[in-house]
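Here is how names work: the chains are called A, B, and so on, in the same order as the sequence lines, proteins then strands, and each is numbered from 1. Hydrogens, waters and symmetry mates are skipped; everything else that's a heavy atom, side chains included, is used.
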Amino acid sequence: MSVKANVFNPVVAADRVDYPQLEHTIQNWWATHNILQQYLHRNEQSEKRYSFLDGPITANNPMGVHHAWGRTYKDLYQRFKTMQGYKQRYQNGFDCQGLWVEVNVEQALGLKTKRDIEDYGIAAFVEKCKERVFTFAKRQTEQSIRLGYWMDWDNSYYTLSDENNYTIWSFLKKCRERDLLYKGHDVMPWCPRCATGISNMEMEAEGYKELTHLSLYVRFPLLDRPGEYLLAWTTTPWTLAANVAAAVNPELTYAKVEQDGEYYYLVESLLSVLKALKGRDKGEYKVVETLKGSEMVGWKYQGPFDELPAEKGIVHTVIPWKEANATEGTGIVHIAPGCGKEDFGLSKELGLPAIAPVDEFGVYKEGFDWLTGKQTSEVGPLVAENLTKKGLLYRPQNYKHRYPTCWRCKTELIFRLVDEWFISMDTLRYEIMDVVRQINWIPAFGFDREMDWLRNMDDWMISKKRYWGLALPIFDCQQCGNFEVIGNREELQARAVAGWEEFDGHTPHRPYIDGIKIKCQKCGNEVSRIKDVGNPWLDAGIVPYSTIHYRTDHEYWKQWFPANFVTESFPGQFRNWFYSMLVMSTVLEKTAPFKTLFGYATLMSEDGTPMHKSKGNMIVFDEAAERVGSDTMRWLYANHTPEQNLNFPSIPTDKDMQKSAESGLPVRLSEKWMLTRRTLDKIWNVYWFFVTYANIDQFDPTQHQLPMASRSELDHWIISELQQTIRDVTSGLEQYDTTKPAEALQSFLEDLSNWYLRRSRERIWKSQLDDDKLAAYLTLYECLTTLLTMLSPFMPFLTEEIYQNLVRSVDQTAPQSIHLCDWPQVDQALINEQLTNETHLVMRIVGLGRAAREKAQIRVRQPLNALYVHVPTVAEEEALQRLSDQVLEELNIKHLELMSADSAMLNYTLRPQVKILGPKYGPLVQKILGHLKGLSAHEAQEAATQLNSTGTLTLTIAGQEVSLTPNEVEVLATARPGFVTAEERGYIAALETTITPLLREEGMVRDLIHFIQDMRKKAGFNIEDHIGLAIYTDRELAQILQPYQTEIMSETLALNLLLSISPRDFPSFEEVYREHISPESTKKLGNYTIDIVLGKNVRDGKHV
RNA sequence: GGGCUUUUAGCUCAGGUGGUUAGAGCGCAGUCCUGAUAAGACUGAGGUCCCUGGUUCGAGUCCAGGAAAGCCCA
């Protein structure tokens, strides 16, 4: 045999593939060949545009595996659209500004308070924030590239950019013009550590914690009723110093209760609290009177801290409040308008004074005597002590409840009266709702969630009393109360009367912008910018405008706006990114900023619990990529139902990695990962198979062509399946679904490897490269390469690796990378549904045949004479006859016989078609069903025969004559007992189980061949190696084997065969491997004893 | 308290417009096949489709009420 170069590079077996390693190799190859740049520009001249808008990733930490989930979708759809020829922008975004960055920088610098920051210097601090953002943007870019995420990385947008900030300015100016912007006094959730308000949007679920606080039952002495008290309850003792009123529900019934000679008022339905609180110091109680809450309204009482200067002149009254409930506490609610949201609302309604007791750090201000200078968080017990001294404490009680904490630093929030800036939602919310209706929400319930949020959204607080963020362009005149909004840099310059020189040359950030003063248009006073920075969701919300030059190149903007597609994890984003984009786009253009929104759920750890850095179950992206591989991870994501949480399987441990390094084998993955990895392995196996045999045959796909007409039915079938797969994958992806396409691809792969390849083995195994073998190679090649093309957006690395070997190595005119290929087009003409059905019929009958063999306990290697088959329709009989070869080969049976309708092997039963009978007979249908069910086996057989022969079955049901047609009642064949059969809904396979001596011999020969094949492998021969073979046995078996010598030799690639009954006969080859088979060994050949010897064959003095 | 989601096999999940034998994968048990070997095929066991009522000839599917879990908001 002459030694020719291989057509393809030889391929290692699937279990030797180190995917992460392979991914690195591909990555480098892409880099050296500039593939990404070619990809980004390949559709530059295209008329078709696809506008993807990336939700900016917070550039504050390295990426986790949860980011990889979203980025897989982002990459996949953009790749899909690229292959379809759409021009795109491929712009990635980084979210840069905001408190989260500040918090991390503070930690890094060891700063604890805002005062520390100011001492450190705002300019230096802001610089550090910028540095941090750029550091992590770089890191995240590297990580994304490792995922195979292809973006125009040099063109990423940063929300800290001047353009982004100034576009927000123009938005705010428009808000001002529409009178949507106002300075509000409101009670806000407030973080005393960060010294800033927390907007509603930021009160994340994670922010709520199960906490235990000291709650107090306090008695308020009634002024005109000596010895009588209101019994009020609070979970925030620190707010008692700001009490101005007590609220009762006017609708509810309250009770006056006598206890230890004193009288308490509380809601009747909560008298149980007295019982629960009855301790050593409290006696029995009894109700002396009941009254409506409304009757108590207007009563005056002595406040708990009337001695404090801040409380001076406050008249404490009982007020009505419908929301006062009787589910916990006492039904009497302590009201401190400076410390609670509802309280503040009531105070506005009823004209009550509001006392704001604490400063921005949660420390009591002047006027609170001994409390002044103390933290709200530390005063609980002190207040209790003080009240006890004054005789006002009824009882303390520890109370567990969900309490909000700061979403960044976890400090418990307080509620505090502040000045902040708001965008009014009064009318805007309805405009936004109209915009929401224009959007395609996937999943559909996203629409409901967004609408719900919009209905309930309070005015949007956009200011933050911090340092690193958008400089709100609001100039609030302290003299006349007028405020103005500056819409851009030029306007600022024009209006500036001071500070421009210091600012010029800097980005629009603090502190340089703080020095600018403008002249108030109303009163001429010099006005400074408010010190606040903007809510960071403004930064992200503007990107549908700022990233495509809304202000500077309106034509360009129009070409790319609105985005076709955005996607993010939806928990949270309905009130964050989605919301802020909707608000801003509604104000700016009254239109939707994107057409389709695709949301996915949350990534959890393997056991379904949330991943947290602190819990130690967080999986960093890089480790997952290096241990299981990016392609595998991506395939996991693509297969998962997006609206459901994804439990990310645990990755191999350090120990696993070490073991793998020691053994030199790829690391073993867990069961759960293997579920995903198996698909990649299977692709590899098919690839391996093709390359191995194509090399043996020197098959070069570019050198051959064969029209479909000259190919086999099997070829037609798999090509038809391929076309259907293209159709299904394409339409699935077009609807932003990855799961159905992934399933379709997988199922095609199953068909290809489990049936097509299996059935084609014989064709490829033949020695000569005839048309049939060519057809098999060409068909397999076409299927494999098309499958790879479709898989390339899912698993960009693996598909590239295979493409390079399979396509590029033989065709230098093909696109340089699989990612520069076109998306495959469906060829309708090649779809043959009939063939699909027929092939499935063959598979089904083969399955039944195997089942029958199993029942008979006859393994497939033992040939049998006949299989009797029954199928329900004539068309299927015809098809089966045509395709019988496939069935017989698979089952190792010599003849296939169809069982006719009157076969002695068959029985019949009736199967009513309810879907047809129901509409026709209505209520009678249940009676007909009952009747048919009630028939005995014999009666059923009779009825079936009648229906078969006459075409109708006439019954009398409830005195009514009913004629049923074969359409309405299907006659189903079943197997008669006594044959070895398997059946399934009218399909029956029966086995002739007689094993003649000849069949037994044939079975033994097949066993023998199988043993020799096994030995070849053990001896280390290559698939195409020829061997020498010697068999030593007794006379009887030798005689049996005699006629099969040629078959044995050709099946085992033996160049010669020594069949001998004498161990003294020596073979002409050099012995390599030997096995002894006897009734005692694990391998058995009947009762015979046999020695098999394999050797390297020597001919003409050289090894062949 | 309100909104959204989920509840189907041991586990993870499929089950257009209602149709009488509810599926898949994994796991389990057993068998087969194999030069794809961490693969593949077959068979089997395993279900009160969360509960209750209703609509209907017929409900896993539609309606109402309820329960549990998750998320969001008060």
Not counting sequence neighbours, which residues clear salt bridge (charged side-chain N to carboxylate O under 4.0 Å, His left out) with Lys927(A)? List them please.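 Listed in chain order: nothing, the list is empty.
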
Nucleotide N/O to protein N/O under 3.5 Å, stretch nucleotides 57-61 of chain B:
| unit_1 | atom_1 | unit_2 | atom_2 | d |
| --- | --- | --- | --- | --- |
| rC57(B) | O4' | Pro923(A) | N | 3.4 |
| rC57(B) | O2' | Gln926(A) | NE2 | 3.3 |
| rC57(B) | O2 | Gln926(A) | NE2 | 3.4 |
| rG58(B) | O4' | Gln926(A) | NE2 | 3.1 |

Exam field: side chain [X] to backbone [Y], donor-acceptor pair closer than 3.5 Å:
| X | Y | result |
| --- | --- | --- |
| Trp673(A) | Pro649(A) | yes |
| Arg759(A) | Leu714(A) | no |
| Gln857(A) | Arg853(A) | no |
| Asn805(A) | Phe8(A) | no |

[atom1] of [X] versus [atom2] of [N]: gap in Å, rounded?
| X | N | atom1 | atom2 | answer |
| --- | --- | --- | --- | --- |
| Ile1023(A) | rU37(B) | CD1 | C1' | 12 Å |
| Tyr600(A) | rC71(B) | OH | C1' | 16 Å |
| Leu757(A) | rU34(B) | CG | P | 16 Å |
| Ile893(A) | rC33(B) | CD1 | P | 13 Å |

With [atom1] as the reference atom in both, quote the distance from [N] to [M] in angstrom, rounded to an integer.
| N | M | atom1 | value |
| --- | --- | --- | --- |
| rG35(B) | rC13(B) | C1' | 36 Å |
| rC4(B) | rC62(B) | P | 16 Å |
| rU43(B) | rU20(B) | C1' | 26 Å |
| rA9(B) | rG27(B) | C1' | 11 Å |
| rU48(B) | rU8(B) | C1' | 11 Å |

Salt bridge [X]-[Y], side-chain N to carboxylate O under 4.0 Å:
| X | Y | result |
| --- | --- | --- |
| Asp656(A) | Arg668(A) | no |
| Arg1006(A) | Glu1051(A) | no |
| Asp728(A) | Lys740(A) | no |

Touch check for [X], heavy atoms < 4.0 angstrom, all strands: base, sugar-phosphate only, or nothing?
| X | value |
| --- | --- |
| Tyr687(A) | nothing |
| Gln857(A) | nothing |
| Ser753(A) | base |
| Arg844(A) | nothing |
| Leu675(A) | sugar-phosphate |

In terms of heavy-atom contacts, does CZ of Arg16(A) have more than 12 from other residues, nucleotides or ligands at under 6.0 Å?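 Atom CZ in Arg16(A) is not crowded, with 12 or fewer foreign heavy atoms closer than 6.0 Å.
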
Answer yes or no: does atom NZ of Lys1018(A) have more than 12 heavy-atom neighbours from other residues, nucleotides or ligands under 6.0 Å? yes

Collect all protein-nucleotide pairs involving nucleotides 53-55 of chain B in which both atoms are nitrogen or oxygen and the distance is under 3.5 Å.
none

Under a plain distance cut-off of 3.5 Å, with no hydrogens placed, do Tyr777(A) and Asp697(A) share a side-chain donor-acceptor pair? yes

Identify the pairs formed between an N or O of the protein and an N or O of nucleotides 2-7 of chain B at a distance under 3.5 Å, and give each distance.
| unit_1 | atom_1 | unit_2 | atom_2 | d |
| --- | --- | --- | --- | --- |
| rC4(B) | O2' | Arg449(A) | NE | 2.9 |
| rC4(B) | O2' | Arg449(A) | NH2 | 3.4 |
| rC4(B) | O2 | Arg449(A) | NH2 | 3.3 |

With respect to the side chain of Arg1006(A), which nucleotide from rC32(B), rU34(B), rG35(B) is positioned closest? rU34(B)

Taking only N and O in the side chain of Arg861(A), is any of them less than 4.0 Å away from OP1 or OP2 of rC32(B)? no

Hey, what's the ring geometry for Tyr687(A) with Trp684(A), parallel, tilted or perpendicular (30° and 60° as the breaks)?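 Perpendicular, since the angle between the ring planes exceeds 60°.
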
Could you label the plane-to-plane angle of the Phe578(A) and Phe574(A) rings as parallel, tilted or perpendicular, counting under 30° as parallel and over 60° as perpendicular? perpendicular

In what stems does RNA chain B take part, counting only runs of at least 3 consecutive Watson-Crick or G-U pairs whose two distances fall under 3.5 Å?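 Stems for RNA chain B, defined as runs of 3 or more consecutive pairs: B:1-7 with B:67-73, B:10-13 with B:23-26, B:28-32 with B:40-44, B:50-54 with B:62-66.
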
Could you pull out the protein-nucleic contacts involving nucleotides 38-42 of chain B (nitrogen or oxygen on both sides, under 3.5 Å)?
| unit_1 | atom_1 | unit_2 | atom_2 | d |
| --- | --- | --- | --- | --- |
| rA38(B) | OP1 | Asp15(A) | OD2 | 2.7 |
| rG40(B) | O3' | Asn754(A) | ND2 | 3.2 |
| rA41(B) | OP1 | Asn754(A) | ND2 | 3.2 |
| rA41(B) | O2' | Arg850(A) | NH1 | 2.6 |
| rC42(B) | O2 | Glu854(A) | OE1 | 3.3 |

Which sits closer to the 5' end of RNA chain B, Glu671(A) or Leu929(A), going by the nucleotide each is nearest to? Leu929(A)

